[in-house]
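Input: a single structure, listed below in structure tokens.
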Amino acid sequence: MNTRVLTGITTTGTPHLGNYVGAIRPAVAASRRGDVDAFFFLADYHALIKSDDAARIERSRLEIAATWLAAGLDPQRVTFYRQSDIPEIPELTWFLTCIASKGMLNRAHAYKAAVDKNIAAGEDPDAGVSAGLYMYPVLMAADILAFDAHQVPVGRDQIQHIEMARDLGQRFNHLHGNEFFVLPEALIEEQVATLPGLDGRKMSKSYDNTIPLFAGGAKQLREAILRIVTDSRAPGEPKDPDDSALFTIFRAFAGEAETAAFRQALLEGLGWGEAKQALYERIEAEVAPMRERYEALIADPAAIEAILRQGAQKARAIATPKVAALREVLGLRAMTTAPARAGGPKVAPKPGKLPRFASFRDTDGRFRFRLFSADGQELLLSKPFAEPKLAGALQKRLGTSGAAAVALQVRPLSVGLELDGEEVASTPDYRDGPARDEALAQLRAALDQLAAQD
Ligand code: TRP
């Protein structure tokens, strides 16, 4: 199966050169790989959290869609859609909201930063914080989990959100005793340098130091490049390429030989004015053909609309059955169909053949127990307890809970059993993954069998 790679772009701004180099160009390149199924979407529900400027959001959606398409995204090949065209996303958001712990959301960086700022200013901690901002990570988790994405290319600031998506997916899987969701991983592109802006700091709208990608055409591109801050060395004086935002930007657009030649020219005293002209020409060579496509697309919103609707259809072909299955699992099913049995199918107990617990005392005097399968194989070893009562209580709980009620943490060669977020027992180490999986199936069956006894 191909790796499913998914990412969203919040539609509040106009793409600049930093977005292009840092996100758009690498993502479009990755989407052409044969072993990748790429999903890109306009995160316009997320945009509502950041902005109530409808005209801005509307314009940004159009600009971002046109930019990605102009940069070479092939909508036949990738699934390219708008978040707000997928009603399954807000539906799944609610399912995940109901299992998201408030404490986890309290720890989300964006929310915490807002609270810290309020506190520093002597305001109410939650002043000006919308519930939308608070729920941001859950909506993002739904974006990802609805499509079973394996990898999510994001900036470092988003890693925590991916971890929360994993956490929510895992919690749901464990609560309902099945692998309903793929657990996603953040994909951080180490090689992609962040592009410096006009003042040498990271290029970002919030620093007001950006160079436009398409907006304003070649003229504004050139004007912005002329405003890049340089030192005051005169033509003829050697320049330090490694201390120059201009050189760093050049390198992001040039091949090795061209970069080496530019470096040499700066060392030999190329004037900043000429260097800027060279940079402008280098960027314009890459951007001009895209700009032409961009302008044609912007002039034809109906074409973009049609592409996005087709994308939504492709995306919903995955999300609709997925969310329908979740509705069943959660008890939101039609009353005319068979009722769900809590915890899924139970293994029918065979009389006289039951898994059993065996308690013992550790060499250091603490109390533990093992769980054996009906045919005598060791399935679990509990953690040690200071008191036999505590070991007994855990035994009782494991004997009645059923597999769906415990969290099973699958490790490379063993499986840990968690209750209330704490590991309380573990399987032995197995020789390989398949052996571990077989033991895991036995463990599940044994827990269900015990639970079916009473
Ligand atoms: N929060 C992301 C950002 O600001 C945008 C986003 C929304 C996203 N949903 C997503 C990214 C899902 C990856 C996957 O950059």
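Numbering of residues begins at 1 and proceeds along the displayed sequence. Start at 1 and go down the list; that is how both ligands and their atoms are numbered.
Those atoms of ligand 1 with a heavy atom of Ile144 less than 4.0 angstrom away are 12 (C), 14 (C). Atoms of ligand 1 lying under 4.0 Å from any heavy atom of His46, numbered from 1 in the order shown and given with element: 7 (C), 9 (N). For ligand 1 and Ala43, the ligand atoms under 4.0 Å from any heavy atom of the residue are 7 (C). Annotation for ligand 1: atoms under 4.0 Å from non-hydrogen atoms of Met140 are 1 (N), 8 (C), 9 (N), 10 (C), 11 (C), 12 (C), 13 (C). Interface atoms of ligand 1 facing Val152, defined by a heavy-atom separation under 4.0 Å, are 13 (C), 14 (C). Contact atoms of ligand 1 toward Asp143: 7 (C), 9 (N), 10 (C), 12 (C) (distance under 4.0 Å to a heavy atom of the residue). Close approach to Tyr136 involves these atoms of ligand 1, each under 4.0 Å from a residue heavy atom: 1 (N), 2 (C), 3 (C), 4 (O).
Proximity of Phe39 to ligand 1, defined as any heavy-atom pair under 4.0 Å, is not found for any part of the residue. Residue contacts with ligand 1 for His161 are absent, since no atom lies close enough (heavy atoms, distance under 4.0 Å). With a heavy-atom cut-off of 4.0 Å, Ile9 does not touch ligand 1 at all.
In this structure, Asp44 contributes its side chain and Ser84 its backbone to a donor-acceptor pair below 3.5 Å.
A salt bridge is defined here as a Lys NZ or Arg NE, NH1 or NH2 lying under 4.0 Å from an Asp or Glu carboxylate O, and Arg56 with Glu63 meets this definition. Classification of Glu88 and Arg316 as a salt-bridged pair holds, one side-chain N sitting under 4.0 Å from a carboxylate O. Between Arg436 and Asp432 there is no salt bridge, since no side-chain N of the basic residue sits under 4.0 Å from a carboxylate O of the acidic one. Between Glu295 and Arg291 no salt bridge is recorded (no basic side-chain N to carboxylate O distance below 4.0 Å). Under a 4.0 Å N-O distance rule, the pair Glu91/Lys322 does not qualify as a salt bridge.
Nearest protein heavy-atom contact of atom 2 (C) of ligand 1 is Gln158 OE1, 3.4 Å.
Under the 30°/60° scheme for interplanar angles, the aromatic rings of Phe172 and His176 are found to be tilted. Taking the six-membered ring where tryptophan is involved, the planes of Phe147 and Phe39 are tilted, since the angle between them lies from 30° to 60°.
Compare Thr7, Thr12, Thr11, Thr10 by their heavy atoms: the one nearest to atom 5 (C) of ligand 1 is in Thr10. Relative to atom 6 (C) of ligand 1, the option among Gly8, Ala149, Ala186 with the closest non-hydrogen atom is Gly8.
Open room surrounds CZ on Arg309; 12 or fewer heavy atoms of other groups in view lie less than 6.0 Å from it.
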